[in-house]
2 protein chains.
Amino acid sequence: MMVSTKGRYALTVMVDLARNSGDGYVSLADIAERENLSMKYLESIISMLIKGGILQSLRGKNGGYRLARDPADYSINEILLLTEGTRAPVNCIMQDGVQCEKAATCSTLPLWAGLDRVIDAYLSRITLEDIITGNRKKMLGEYCSSCESEAAE
Amino acid sequence: MMVSTKGRYALTVMVDLARNSGDGYVSLADIAERENLSMKYLESIISMLIKGGILQSLRGKNGGYRLARDPADYSINEILLLTEGTRAPVNCIMQDGVQCEKAATCSTLPLWAGLDRVIDAYLSRITLEDIITGNRKKMLGEYCSSCESEAAE
DNA sequence: CTTATTCCTACCGCGATGGTAGGATTTACA
DNA sequence: TGTAAATCCTACCATCGCGGTAGGAATAAG
């Protein structure tokens with residue numbers, strides 16, 4: 001029931017790029033130093049984000065990375081999917097619709113499906129921009145009775 | 001972001017016991033055969049549930065296991081916590097309130113905290129009885145607009 | 001042509017997962 | 001009293017993913 005460091009670091013990179021964009025491409029060394037993370041490990045994580053098309057890169061001198069889109073156009077779900085591979089909480093929930101052969105009679109499947117939907121709904125609703133602007137009401141306020149809902153969806 | 005087989009099997013055992021109770025204690029062999037799972041592996045999982053106090057056991061001939069309480073009094077969260085150890089999606093969210101030293105300035109922490117709250121709210125709301133009665137509306141209907149809410153919380 | 005950078009492949013220790021094996025202990029019942 | 005049926009306990013083990021390291025090839029700026 002854990003998001004690995006891969007997913008957390010990926011999000012950290014995205015946040016770092018969102019904050020430090022504007023002056024072209026940002027080098028891996030800069031990101032690693034700012035975030036105090038292993039450069040080599042970050043490199044492998046970033047390559048997943050590149051292959052997923054959510055980051056752009058430029059090789060050679062003065063090269064580096066930058067966001068492909070506006071921060072508001074990234075859902076957290078999208079970022080985590082690239083590094084975690086799947087978001088489903090159990091492997092009997094398949095992303096492509098294929099289910100295990102016991103699905104028809106499995107009494108616990110609706111629970112896992114429901115859990116998956118709850119997680120999906122939350123991570124799809126929060127954007128990269130919500131994080132960099134510190135929108136705590138949107139991130140934490142879902143079950144806070146003292147918060148009036150601002151996202152009426 | 002996965003619930004391991006330990007957690008899934010634990011829930012399977014609880015459901016099996018809830019369904020086959022009434023005639024005293026149920027043996028491990030019976031559970032394993034019905035659910036088609038490894039007896040020895042189930043044994044180690046059940047021992048966690050015993051130590052957690054949510055199952056009762058009887059040794060010797062005609063012994064076995066049974067629920068300690070009514071199915072409606074078990075939340076799924078409680079069952080999974082015993083086998084998974086933690087429910088927090090990232091290790092920077094501590095169950096006992098202790099946080100990492102960067103917590104004050106970490107911009108992604110509210111996201112993980114919010115995700116934890118969403119998962120906690122869902123798993124705490126669903127009970128063992130909801131599963132054995134197949135309460136699909138409660139398990140799946142949270143984001144289904146055609147379902148009138150029955151659990152007003 | 002040198003320097004700074006990404007890209008690619010390979011490797012590696014560690015711990016958790018998903019089991020298996022065997023015996024000690026306890027209880028019912030004949 | 002003895003035996004069968006059951007839980008309990010300890011140890012072991014193969015495999016896999018995580019978290020990370022290393023070294024070099026390709027590319028681009030100046």
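Note that these values count all heavy atoms, side chains included, but never hydrogens, waters or copies made by symmetry. The chains referred to below are lettered A, B, ... by the order of the sequence lines, with proteins before strands, and numbering in each begins at 1.
- When the side chains of ILVMFWY residues are joined at heavy-atom separations under 4.5 Å, either directly or via intervening members, A/M48 and A/V15 end up in two distinct hydrophobic clusters.
- Contact check, A/S4 against D/dG17: no side-chain N or O comes under 4.0 Å of OP1 or OP2.
- Just one residue in the list A/L81, A/L49, A/L67 forms a side-chain contact (heavy atoms from CB on, under 4.5 Å) with A/I54, and that residue is A/L49.
- Residues B/L17 and B/V13 meet the side-chain proximity criterion, which asks for heavy atoms closer than 4.5 Å.
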Can you give each donor-acceptor pair under 3.5 Å made by side-chain atoms of residues 26-33 of chain A, sequence neighbours left out, with the distance rounded to 0.1 Å?
from, atom 1, to, atom 2, distance (Å)
A/S27, OG, A/D30, N, 3.2

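- For A/Y9, a side-chain nitrogen or oxygen approaches OP1 or OP2 of D/dG20 to under 4.0 Å.
- Side-chain to base pairing of A/R59 with D/dA28: no donor and acceptor N or O lie closer than 3.5 Å to each other.
- Side chains of B/T127 and B/I76 form no contact here, defined as non-hydrogen atoms less than 4.5 Å apart.
- Between B/R34 and B/N20, some side-chain heavy-atom pair lies under the 4.5 Å cut-off.
- Checking the phosphate oxygens (OP1, OP2) of D/dG19, a side-chain nitrogen or oxygen of A/T5 falls inside 4.0 Å.
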What's touching nucleotides 2-5 of chain D from the protein side, N or O pairs under 3.5 Å?
none

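- Atom CD1 of A/I131 sits about 6.5 Å away from atom OG of B/S107, to the nearest 0.5 Å.
- Of all nucleotides in DNA chain C having an atom under 4.0 Å from a heavy atom of chain A, the first and last in 5' to 3' order are C/dT3 to C/dC8.
- Hydrophobic clustering, with ILVMFWY side chains joined whenever heavy atoms are under 4.5 angstrom apart, keeps B/M2 apart from B/L115.
- Mapped onto DNA chain C by nearest heavy atom, B/S38 and B/K6 fall at different nucleotides, with B/K6 at the one closer to the 5' end.
- Taken together through direct or relayed side-chain contacts under 4.5 Å among Ile, Leu, Val, Met, Phe, Trp and Tyr, B/L37 and B/Y65 form part of one hydrophobic cluster.
- At least one donor-acceptor pair under 3.5 Å links the side chain of A/E84 to the backbone N or O of A/G7.
- In this structure, B/Y9 and B/E35 have side chains that are not in contact, with every pair of non-hydrogen atoms separated by 4.5 Å or more.
- Residues from residues 27-35 of chain A lying near DNA chain C, meaning a heavy-atom separation below 4.0 Å, are A/S27, A/L28 in numerical order.
- Every residue two or more places apart in sequence or in another chain was checked for a ring pair (Phe, Tyr, Trp, His ring centres under 6.0 Å) with A/Y74, and none qualifies.
- Residues A/L140 and B/R117 are in side-chain contact: their nearest non-hydrogen atoms beyond the backbone lie under 4.5 Å apart.
- Taking every heavy atom of residues 40-52 of chain B and every atom of DNA chain C, pairs under 4.0 Å involve B/K40, B/Y41, by number.
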